Amino acid sequence: MALTGRRVPLPEDPLVHRAFESHARQTPQRTALTCADAVLTYAELNERANRLAHRLIARGTGRGSVVGICLDRTPELVIAVLAVLKAGAAYVPLDPAYPAERLRLMTTQLAGNELNIASAATRDLLLGTATDVLLVEELADTLAAEPVTDPDISLTGDDLCYVVFTSGSTGTPKATAIRHEGWYNLLEWLRIEYRLGPLDDGLTVSSFGFDISQRGLMAPLFCGAAIHLLPSRTFDPAMAYEIVGKRHVRQLHCAPSTLYVLIDHELAVGGSALAGVGHVFIGGEPLSVARVEEWATREGNSCVLLHQYGVAECTDVASSHRLDGYAGYRGSAAPVGRPVYNTEIRILDEDLTELPDGTAGEICVSGLSVGAGYLNASPADTPRFTELRTGDGTIRVYRTGDRGYITEDGELVVVGRSDAQVKIRGMRMDLGDVEHGVRGHALVADAAVLALPDEAGEPHLVACVLPAAETLDTRSLYADLLRVLPHTMVPQRFVVLEAFPLNANGKTDRRALAALAEA
């Protein structure tokens, strides 16, 4: 049975930046943005974004255009995002934390990319690209003459608002295009479902290029609150924690690995700032409940953790589950809940036939959350967006490549990736299944399982683990796992670490883990 999100009507022009403009008219003196010592009100942020938008329009940027933004976490970053949207174009986060070669490869996938916005600090990262670069430092005199009024650009919910990159099956990053309607639907769901309002300030903690960052950046402004920028190109947990307390941050959007670091910092300093955050929305990688349970269940902790599932191709979030009753999650994967508004989730087999509840299959998403597709897609990636015949007619569906099942309570549980299946000694298995088994052990706080070649070149399972206590006897762990997992699914080798390395998006860096394991 399909999981169906609540049907909620959207306005005729479901445009996120229009919601921001409405707040700028109603509460012009309310703080909209802070970054270190810089503070901008809604009126100031809107006027600066309008000046840049009019300048972009004069240069020919408009509906159908794609504009890259390669800026550090500064006020200019948010100004540029709003300006591109106001001009009718779609913005592309070109994260300055990425290597220049990666950025060059990304821009080659952008049809319609005629302009990139950069700064003196990021300009060299775009050398070698064929696109014009607009430097924010050189615009001061020009922008002073531009109007401060909201541009009157006609757009529909079907127009593109942003493009983010995901890894491609051919090694080339895929440019994933998102529509205004889907983005508005997501932020409206967050606003209504979790009662987010003008007091629910947010903080950027994830990489600008990460799909989570797009809602993390705009959700506070959509709700009339302030967005606080972490004035650092890379994630600084001590600085982030300080801002959480100083600015009374009430919403965070991040990967679980980023949350673990913040929790560890709070426990180390004996603070309570993070425990006072209203909502933390986590997703993007498997959750280790053991790494949050002690902190989440501390007396006085009022923070609500939302365990979410989604993919960039479906506007980042497809479902959400409020974590509660932690004892029930031990030894198994925590649910990721029910669909967001105007979204459906189905579990299908290889022939796109719906599977009964409790049976694992491919997670497929339909409804407003489904994006516009890939720009310059390869033939191998195009079939992900397909059509499905239902009793109500033909619907557009995105095949996520993730495996999961629906519980008796009508909640989605993610098992792992279809392409994460490996064959060990003739037996096919999912690495996600093995990870859940290892994480379920009382002495393991977190685990990541890799399939690496042994001395003979044959694949074998290696588990990188974080111990839940000071010491971890891997021989005992191996023996215990033999009692709960098939012999072929028990890792042959264990690598005990103090922490998992993180990539630019705040997720566990599996390539770095593989290098540690092989060393």
Side-chain angles (χ1 to χ4, degrees), residues 8-35 38-53 73 75-86 91 148-151 155 157 161-162 180-206 212-230 243-254 276-281 302-304 306 315-317 320 340-341:
V8 175
L10 301 184
E12 292 185 4
D13 58 343
L15 308 175
V16 171
H17 61 279
R18 294 278 167 80
F20 163 76
E21 291 171 350
S22 176
H23 292 303
R25 290 191 297 269
Q26 296 171 13
T27 56
Q29 298 310 310
R30 183 184 293 277
T31 297
L33 181 152
T34 73
C35 183
V39 179
L40 293 180
T41 65
Y42 266 86
E44 291 169 335
L45 179 57
N46 193 45
E47 289 179 3
R48 291 181 63 175
N50 284 341
R51 291 183 188 275
L52 179 54
R73 294 189 184 106
E76 285 71 27
L77 173 66
V78 181
I79 291 167
V81 167
L82 288 169
V84 172
L85 295 172
K86 286 169 173 281
Y91 76 91
V148 297
T149 54
D150 297 332
L155 293 169
C161 54
Y162 69 80
H180 276 281
E181 189 175 51
W183 200 20
Y184 190 101
N185 180 68
L186 171 63
L187 297 185
E188 181 74 342
W189 166 76
L190 285 170
R191 185 187 70 83
I192 296 176
E193 196 71 13
Y194 302 107
R195 300 179 181 179
L196 302 182
L199 299 180
D200 293 297
D201 290 5
L203 170 66
T204 57
V205 292
S206 298
I212 283 181
S213 285
Q214 312 323 309
R215 61 170 152 110
L217 197 67
M218 197 58 65
L221 299 177
F222 185 85
C223 301
I227 180 65
H228 305 293
L229 302 183
L230 184 68
I243 296 174
V244 167
K246 178 181 178 181
R247 297 294 185 181
H248 306 291
V249 169
R250 296 289 297 166
Q251 61 172 303
L252 287 174
H253 303 256
C254 61
V277 173
H279 297 85
V280 176
F281 303 94
S302 59
C303 180
V304 176
L306 287 311
T315 324
D316 184 26
V317 180
S320 183
V340 306
Y341 294 164

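For the single chain, residues carry numbers from 1 onward in sequence order. Note that this is a predicted model, so its numbers are computed, not measured.
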Sub-4.5 Å side-chain heavy-atom contact between [X] and [Y]:
X      : Y      : value
Leu199 : His248 : no
Leu40  : Arg48  : yes
Tyr194 : Leu306 : yes
Ile243 : Leu229 : no
Asp13  : Leu155 : no
Trp183 : Cys161 : yes
Ile192 : Arg195 : no
Val39  : Thr31  : yes

In Å and rounded to the nearest 0.5 Å, what is the [atom1] to [atom2] distance from [X] to [Y]?
X      : Y      : atom1 : atom2 : value
Leu15  : Glu181 : CG    : CD    : 10.0 Å
Cys223 : Met218 : SG    : CE    : 11.5 Å
Glu21  : Leu221 : CD    : CG    : 12.0 Å
Thr149 : Lys86  : OG1   : NZ    : 9.0 Å
Leu45  : Arg30  : CG    : CZ    : 14.0 Å

Exercise. With Cys254, which residues qualify under side-chain contact (heavy atoms from CB on, under 4.5 Å), at least two apart?
Worked result: Val205, Ser206, Thr258, Leu259, Val280, Ile282
Exercise. Under the side-chain contact (heavy atoms from CB on, under 4.5 Å) test, which residues partner Asp201, sequence neighbours left out?
Worked result: Ala225, Ala226, His228
Exercise. For Tyr91 and Gln214, does a side-chain donor sit closer than 3.5 Å to a side-chain acceptor?
Worked result: yes
Problem set entry | Pair Tyr341-Glu193, side-chain donor/acceptor within less than 3.5 Å | yes
Problem set entry | Member of Asp200, Val340, Leu196 meeting the side-chain contact (heavy atoms from CB on, under 4.5 Å) criterion with Leu190 | Leu196
Any donor-acceptor pair under 3.5 Å from [X] side chain to [Y] backbone:
X      : Y      : answer
Ser213 : Gly216 : no
Thr204 : Leu230 : yes
Arg191 : Leu186 : no
Asn50  : Asn46  : yes
Thr27  : His23  : yes

For this session: Output, in order, the C-alpha distance, side-chain angles, deciding distance and verdict of side chain to side chain contact (heavy atoms under 4.5 Å, CB included) for Tyr42 and Leu33.
Result: CA-CA 8 Å; Tyr42 266 86; Leu33 181 152; over 6 Å; no
Exercise. Between Arg25 and Asp150, is there a salt bridge with N-O shorter than 4.0 Å?
Worked result: yes
Do you know the tightest heavy-atom contact between [X] and [Y]?
X      : Y      : value
Leu52  : Ala80  : CD2-CA, 3.8 Å
Gln251 : Val277 : N-CG1, 3.9 Å
Pro75  : Cys35  : CD-CB, 3.9 Å

For this session: Apply side chain to side chain contact (heavy atoms under 4.5 Å, CB included) to the pair Trp189 and Val8, showing each step before the final yes or no.
Result: CA-CA 9 Å; Trp189 166 76; Val8 175; over 6 Å; no
Problem set entry | Phe222 and Tyr184 aromatic ring geometry - parallel, tilted or perpendicular at 30°/60° bounds | perpendicular
Problem set entry | Contacts of His180 that satisfy ring-ring contact (aromatic ring centres under 6.0 Å, His included) - sequence neighbours left out | His17
